[in-house]
Amino acid sequence: MQLRYGFRLYPNGPQCSVLARSFGCSRVVFNDALRVREDARAAGLPFVSSGELSKRLTASKKTPERAWLGEVSSVILQQSLRDLDTAYRNFFDSLKGKRPTMGPPRFKSRKDNRQAVRFTANAGWKITSGGKLRLPKIGDVSVKWSRSLPSVPSTVTVIKDAAGRYFASFIVETGPEEVLPPTTPEVGIDLGLSHFAILSDGTKIDSPRFLRRAEKKLKRAQRSLSRKAKGSNNRGKARLKVARAHAQVADARREFHHQLSTKIIRENQAIAVEDLGVKGLARTRMAKSVHDAGWSQFVSMLGYKAARYGRTLVRIGRLEPTSQVCSQRGIKDGPKPLQVREWTCENCGAVLDRDINAAVNVAKAAGLAVTACRAQIRRTPVPAQRKEAGTHPKASRTPGSQAGIALL
């Protein structure tokens, strides 16, 4: 499978200037090509092909108005045309129902939080013997290598985020040699807010609440930004401080998700999770906590890591009543408000932990062979059911068969 490996870049001053020029040229080519196709659509003309756009790009480089496009690598300009084709293809596929609904391509702005250019193998980029990334017309850029690449990368994407940081994203191919040896445990996961994840074996992982813990720092940075005059250099500096504070929160959350997902994948052969309606929950009063948890990112990591290491990930429907069913007997006991964290089964008398019980039911709904380990906290005496209260005149008098009398 294909994976992305990201590393931090540290370009110097001249290299930052060339990268800024590359971002701008790539954005202009994308917008020009999009404008040509939109004008053709408005005039009722046929769809402009990619080959025609490439010819127009070559011709525009020879004009005085677009001569500066020749100052950057031609590969990144061609990649902008391919990105536009991908955007149109995704839009048309969404109209046909082949993928989730998405809008048509939109014009890019120089004020976008994320700027990126992509270099393919024919661009002539390479990793030098000294560990630097050599990019055409940019030079050798310092890279902080946190790990080694598993194979020779096919493309590299240079990204600048809202916090002014530069990253190199490599696409590499991984083979079957990374598949982990089979193991026995299978686990169901119930995602929550008070505890980030509750496993069917009784393990509870606390929610780090990275955004909540950084709120005070974010509040000061945002207040400082709001007091700066628009268009001033001080406002630009204050905006960077806010972006860097948010980037620290996002990085800490991503690192937590990576560590936890890798641990679960390595220790279990099959994992079951619930398909949560995050968009709906994000419209409630719990919106900030839901976004702070980052459930979608965590489940996505479980998905690609399961495929990479030879594990199985099963997603059950969000309408499955995992919190309403007793994991001991499988009897539905009705909905319960969120403040109810323990409940007593009316049929078997077991006092169940809401989260662990839901995790066990998630695993059972996915067809995993799990037991209700630690789901039952204690048993309490319950009144006899109607059919067990006393004897019946016409009941059989066979020893041990009378209702309400246990076998001796």
Side-chain angles (χ1 to χ4, degrees), residues 4-24 26-27 76 108-119 131-133 135 138-147 156-170 193 196 206-262 278 282 287-298 300-301:
R4 283 190 177 272
Y5 278 64
F7 303 93
R8 183 77 180 270
L9 291 181
Y10 292 93
N12 55 30
Q15 291 171 345
C16 288
S17 300
V18 179
L19 283 172
R21 192 179 304 118
S22 301
F23 295 144
S26 176
R27 181 179 62 252
I76 63 176
K108 294 184 178 181
S109 171
R110 63 182 179 86
K111 297 181 180 180
D112 288 343
N113 292 333
R114 184 180 182 274
Q115 305 284 346
V117 290
R118 186 166 66 254
F119 297 88
K132 292 189 176 183
L133 179 62
L135 300 173
I138 296 176
D140 296 349
V141 185
S142 300
V143 185
K144 185 177 181 180
W145 302 100
S146 56
R147 53 183 171 172
V156 58
T157 304
V158 180
I159 304 167
K160 182 183 179 183
D161 65 0
R165 303 177 301 177
Y166 293 86
F167 295 91
S169 178
F170 299 91
L193 295 178
F196 175 77
D206 291 332
S207 180
R209 294 190 175 99
F210 296 105
L211 180 61
R212 296 288 187 180
R213 292 191 296 176
E215 276 186 332
K216 185 177 294 187
K217 180 180 179 180
L218 289 169
K219 183 178 180 180
R220 287 197 301 265
Q222 189 65 48
R223 185 189 297 120
S224 176
L225 172 62
S226 65
R227 292 171 177 172
K228 301 297 186 293
K230 292 186 177 180
S232 63
N233 291 334
N234 286 335
R235 185 176 180 86
K237 296 176 184 178
R239 187 202 62 81
L240 275 180
K241 288 184 179 180
V242 174
R244 287 168 183 166
H246 279 288
Q248 290 177 357
V249 173
D251 291 345
R253 183 188 298 114
R254 189 182 304 108
E255 180 66 17
F256 168 74
H257 288 166
H258 271 300
Q259 292 181 359
L260 180 59
S261 59
T262 300
V278 178
K288 184 181 291 187
S289 298
V290 169
H291 288 302
D292 192 11
W295 294 326
S296 297
Q297 178 177 257
F298 175 71
S300 298
M301 289 181 181

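- Each of K132, R8, Q15 was checked for a side chain to side chain contact (heavy atoms under 4.5 Å, CB included) with S142, and the lone residue meeting it is K132.
- The distance from atom SG of C16 to atom CD1 of I138, rounded to the nearest 0.5 Å, is 10.0 Å.
- Rounded to the nearest 0.5 angstrom, K108 NZ and R27 CZ are separated by 9.0 Å.
- Nearest heavy atom pair, residue A247 against residue A163, reads CB-CB, 4.3 Å.
- Counting non-hydrogen atoms of neighbouring residues, nucleotides and ligands closer than 6.0 angstrom, the NZ atom of K241 reaches no more than 12 such neighbours.
- Classification of the F196-F256 ring pair by plane angle, with boundaries at 30° and 60°, yields perpendicular.
- Note that CZ of R165 and CG of D251 are 4.5 Å apart. Values are rounded to the nearest 0.5 Å.
- Shown here for I159 and A116, the closest heavy-atom pair between the two residues is CG1-CB, 4.1 Å.
- Distance check, rounded to the nearest 0.5 Å: NE2 of H246 to CZ of F210 gives 15.5 Å.
- The backbone N or O of A293 sits less than 3.5 Å from a side-chain atom of H257, completing a donor-acceptor pair.
- For the pair V278 and S296, the tightest heavy-atom approach, listed with the atom from each and the gap, is CG2-OG, 3.6 Å.
- None of S232, S226, S224 except one satisfies the side-chain hydrogen bond (donor to acceptor under 3.5 Å, both in side chains) rule with K228; the exception is S224.
- Between the side chains of R118 and S169, no donor-acceptor pair is found at a separation under 3.5 Å.
- Residue Q222 comes nearest to V242 through the heavy atom pair OE1-CG1, 3.5 Å, listed as atom of the first residue, atom of the second, then distance.
- For the residue pair A282 and H291, the shortest heavy atom distance occurs at CB-NE2, 3.5 Å.
- Put simply, the side chain of S26 never gets that close to the backbone of S22: no donor and acceptor are under 3.5 Å apart.
- The neighbour count for N233 CG, taken as heavy atoms of other residues, nucleotides or ligands under 6.0 Å away, does not exceed 12.
- Rounded to the nearest 0.5 angstrom, Q297 CD and R253 CZ are separated by 7.5 Å.
- Of the inter-residue distances, the one linking L218 atom CG with L211 atom CG reads 6.5 Å to the nearest 0.5 angstrom.
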Could you walk me through whether R212 and S289 pass the side-chain hydrogen bond (donor to acceptor under 3.5 Å, both in side chains) check? CA-CA 8 Å; R212 296 288 187 180; S289 298; 3.0 Å; yes

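- When all heavy atoms of R213 and P208 are compared, the pair lying nearest together is NE-O, 3.2 Å.
- Side chains of L133 and F119 form no contact here, defined as non-hydrogen atoms less than 4.5 Å apart.
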